[in-house]
Structure formats: C-alpha cells, structure tokens
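Protein chains get the first letters and strands the later ones, always in sequence-line order, with residue 1 at the start of each.
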Amino acid sequence: MFLALRELRFARGRFALMGIVIALIAVLVVLLSGLSTGLVNDGVSGLKSMPATAFAFDEGTMTDNAFSRSLVDDEQLEYWAQAEGIESAEPMGVSIVNGTSDQGTQVDLTLFGVEPSGFLAPELSEGSGLGAPDGIVVSETARAAGLEVGSVVTLDRVGLDLTVVGFTAGQATFGHVDVAYLPIGTWRLIASNTATPGVPTEATVLAADYPYSSVVALRAAAGSSIDIEAGDDAAGTMTMLRTEAFNASPGYEAETLTLSMIQVFLYAICALVVGAFFTVWTIQRTHEIAVLRAVGASSGYLLRDGLAQAAMLLVGFTAIGVAAGVGLGAIMPEAMPFELEAAPVAFASLLTIALGLLGAAVAVLRIARVDPITALGGQR
Amino acid sequence: MTTHTVNTALTNTAPTSTPALEITDAVLELGDGDGRVRALDSVSLRVQPGEFVAVVGPSGSGKSSLLAIAGALGKPDSGSVRVHGTDLASLNRAAAARFRLRNIGFVFQSGNLIPALSAADQLRLVARLAGNRVVEPEALLAELGMAHRAGHRPGQLSGGERQRVGIARALVNNPSLLLVDEPTAALDRDRSQEVVAILAERAKRSAVAVVMVTHDRDVLGHCDRVLEMVDGQLSELSAAAMGSGTGQSSWNS
C-alpha cells in the first residue's frame, strides 16, 4: 500500500474524477434501492405483514392480479382446513373499492375481508379491532387521506357506510392502495352485490348467502410442511407461498423487474467503468511497473498494491455516494414511494464495491504480463 | 576528483575473491525465423568487486542483452552467468526477482524513477520490497549530494538529479553488482561527467562491481576497463582506441 497511497495522492485529479463517477453510481444505486423498497412496500406491505404461510388461489387464476381475480368456495376452504400440516385455514376476501369519506375526500381502499378473531386479523396501533359489521381497520398511511378513528367511508355505487375503528401498526398497502381490513362477512355482502345503502348490520350480513372468498390463507403448523401439490390437486386450487404470492399483486412483477434491470445495468456499468479506468491507468504505468519488476518487486506485491488502490478508491467514494444518496432520500417528495432500509442499501453498496473490484482486478492483472526486460533500453 | 589506477589486464588480478559477475560463453539468440539474431555470441566477462567496467558499441550490438542476462532478467541459451557465486540458471522467475532485489542494483536511462514518489520514497520503496522498513534514505541521498531534494518528486528534479536518485535507489539494498544502462543518455556533458564520476567513486567505496553500458565515449575515462560489443561479440578496447574518440586524457578526470 506504500505505493498505492502515494499514487492516489500524486494522481489525485484523475482518481477524483473516477471517484466522482463511482460516487454518482452509488447515489443512483441507493436511490434505486430506496425506490425499489418503497414500491415493493407500496405494492405488497399489506401481504408482507400477514402471518400466513401460503395462499391458495382458485385453479387457473392468472398470476398477475390473482388476488382480486380468484374466487374460492367454502368446499375448497374446508378441504384445506382439514389438510395435513395446516394449523389453520381462513377465508380472505380481496377487492379494490372507491369511497368517499365524511370529510368529502375520495379514498381508494383495498378491502381485506378476514375473520375478525382469526390469525389474519391486523395488529393495531390505535383504536379497537375488527368485530362490528361496519367497522374497518385501515392502514396507518390512510391518515394522509384524512381518515381518523370514527371517520365514515361511504363506498361508491354500493352506498355502504363503513366506520374506521382502528389503524394498523405500520404501513399496509396492496397494489399501491391503502388496505382496509373488514370482517369477512361484510366483504361477502359487498362481493355478493346484494348490499343496500346504509350501515351494514349482522342481519344484512347473514342474509347475503355468498359462500365464497378470494383466497384461502394457510398457516402451517409449527415444524411441519404442507403438501402443496397434493392439496392443490384435491382442492382444485393453486397455492403460492406468501413471498411467491407477491407476484399475484397488481403490477408487482412489472415494477420489480424494471427496477432490477436498471440496477443490474448500473452494476455492470460500475464494473466496466472502473475496469476501463484501471486498464488505462495500468497501461500508463507499464514502464514504471517494468522498472519495479526489474528492481525485484514480485508480481504478488504489485498486484496487491494495485488492488488495494482500487479498493481504497471504491470504498471511499462508494461511502461518499451512499451518504449523499441517503441524504437525498431524506428530502424525497411524499408522493414518491421511497423507503431506505439498511439491509438492501448495505447489499447494494457492497455489490457496487465488489463489481468495481472485479473490473479493476481484470485490469490490474495486466501487471503480471509486464516484462521487466522492457525497463532496459530507451523504449517507453 | 579521484585518479584511478587502471587495470589493463584482460583477466583480473585478484584470484582469491569471488567475482561479482562471471559470464562464461554466453550465447543468446533473439527473434525467430529469418529475423533470428545472435545477440550474444560466446560472451565471457568477469568483473571483480570494486571494478568499474564500461561496455560500448553500436545500437543493437547486444549491450542490452548483456545487461539482461547479467541482471537475471533473462537467461542465455547456453553458457553460464554467476553473480557473486550464485548461478542464475538455478533461479526461477520469483527467485530471480528476489535475487535482483538484494544483490543487483539497476540504474536506468534518465533514472526511470516512479513519478508518484519523492526521492526519499523511491529509496524507501525499494528497501521495503526487500523487507527493510527502517531504512534512512536521507543518509544515502546526502552522500550523493541530494539531501536537499529528498522530498521532491522526479518531475521537480533535473536530469542529473534524477540520475543521482536513480543511483541511490540502486544502492539502497547494498547490491554486489550495479548494472547501469545508458546513464548519460539524457544529460549534458558536465552532468554526464558528474554522474559517471559518482558511479566510479561508489564502485571503489562500496566495493560494488559496476557494469555500465553507454554510447558516451567522453565518460570512459572514469572506468577501469572498457569493452566493446560488436555483433554480439565482446572484446577489450585498447587505450588508444578509447583516447581517440575524446581527444582528452582518458585516465584523469
């Protein structure tokens, strides 16, 4: 590192230029990571927080939008409830509705119809839980739309009045729309198209004879696994593990694939740009390297020195870029789904450094091919 | 300035000491096919510690090849090369590098210093490569009259100063053999004399054997022996031939 450090200082202009490019790449990597996390949370945080192991969809449901497209009946539910390795199986209704709050603002909600006392019932940060047929528990993020405990939301067209009784702990959104949990009975009333305007009551809910739900949410018994294939064959369902089921939420795959592609390109650009820089740098130093090798420096020493130099440059400027990216993230507009989490940011920074080093390593390997004999004579 | 006694004998007269460099019947061919050239044609050379030998000759006559095989940078096709008793043929690439580091000093054209390093750091790097981290390069630089420039980078030094630093760098690990490649190529006449005088003085003082390849006949007066390389063959140059090129007394400088 003796030589590496002094060269960094000596050619600081050139290294700074390269460093700025690395830092800018790191800024982009951080912003994309934040955007990616934010979009994913916006898309499926409602699912992420659910303690379900898997979801059984009706057979043949298309994967995108499967949650709102699928319809399973009570027989399928019953089958899964009896299946081996299942601790519990509960119906879950999913539909996206438009409504108007009593303050007159328009709100879009993803209705999650669940058993009020089942395992899908939401964790609360405020208010009381599900129970009353007209009570809904909405995502923390719905406060932005002006909802409070006690607010009444009237569903468009149906005219059904629902009252906010509580808020979930943390963000619960699905398909970029705030989630409103409500009792499965009320969901069935809405889905059956028999609801009448006004406040739903126990009686109207019971009157709606609608033995369906969107999916069956499954929870595996501790320590046992579910035989998904056999269960699907018997029940006529298509079961996806919870994380697989993210793909069944609207736009999830399109968003994550797009962002992943941009990120992959950024990493490739990082490797190539750093590789190109160190190739030129190593070629510039060819004569100097020949002299050092003639004097007796081992290739190992020179390679280590070159790699250490690349590592210092990459680590230093990636750190600067990440810091700048995190700073920028703090001033992102509300409307942008942007969320920084330590793990993905750390992963993205390490990957930037690793791929930069890979590019540099390919370039620095040229050192091993420099013939010390070229130090003699006048050739430069 | 010092006046040197000149050893005119072809074979050196100190049979008890191990020669610093001993090349016997070295043959080296370069290139391939029709372009094949005999760069060294049965070259033999023996240099004793403290002896300053110059090799002159036209470009492409094999001078650089001679330095390469003497400096463990390449191996002859046949014949042997021994540096301070070690047969260089027995060394693989890595061992040759280690051997060069500790036993052979190189002085290149125009110094060939590392642009990023100050004069003192040039010496420190080479010392560190040999595992010596505590070296005080200032003392050696001072001996070569470069103490006041220890903190300067090559770009801030004149040609003569660079060459002095190059000599100091070559000496930092106390080699037994100093190989010098056209040290005066980029220097004016006065600086050339100074630099070669330094080499001559170091040879005597540190008992290091110096082999210098040069085009510059003006500086030969400092050398104990002058050899001429023509078409890969090495021969002793007569005193008359040496004097004729310069028109000055070769033996006093």
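Both the backbone and the side chain of B:L125 come within less than 4.5 Å of a heavy atom of chain A. With a 4.5 Å cut-off on non-hydrogen atoms, B:A68 touches chain A through its backbone and its side chain both. A:R293 touches chain B through backbone and side chain together, each having a heavy atom under 4.5 Å away. For B:L129, the part lying near chain A is the side chain, with the backbone staying farther off; criterion is any non-hydrogen pair under 4.5 Å. With a 4.5 Å cut-off on non-hydrogen atoms, B:R93 touches chain A through its side chain but not through its backbone. If you measure heavy-atom distances from B:D121 to chain A, the contacts under 4.5 Å come from both the backbone and the side chain. Both the backbone and the side chain of B:P115 come within contact range of chain A, with heavy atoms under 4.5 Å apart.
The backbone N or O of B:E29 lies less than 3.5 Å from a partner atom in the side chain of B:D77, making a donor-acceptor pair. Remark: side-chain polar atoms of B:Q156 are not paired, donor with acceptor, to backbone N or O of B:G151 under 3.5 angstrom.
Options B:E182, B:R128, B:R98 differ in how many heavy-atom pairs under 4.5 Å they form with chain A, and the most are formed by B:R128.
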Test salt bridge (Lys or Arg N to Asp or Glu O under 4.0 Å) applied to B:E143 and B:R164, step by step: CA-CA 10 Å; B:E143 286 177 31; B:R164 284 167 193 247; over 6 Å; no

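Annotation: the span from B:I167 atom CD1 to B:L178 atom CG amounts to 7.5 Å, rounded to 0.5 Å.
Note: A:F15 and A:F277 have perpendicular aromatic rings, judged against thresholds of 30 and 60 degrees for the angle between ring planes.
Salt bridge status for B:R191 with B:E194: present, with a side-chain N to carboxylate O gap under 4.0 Å.
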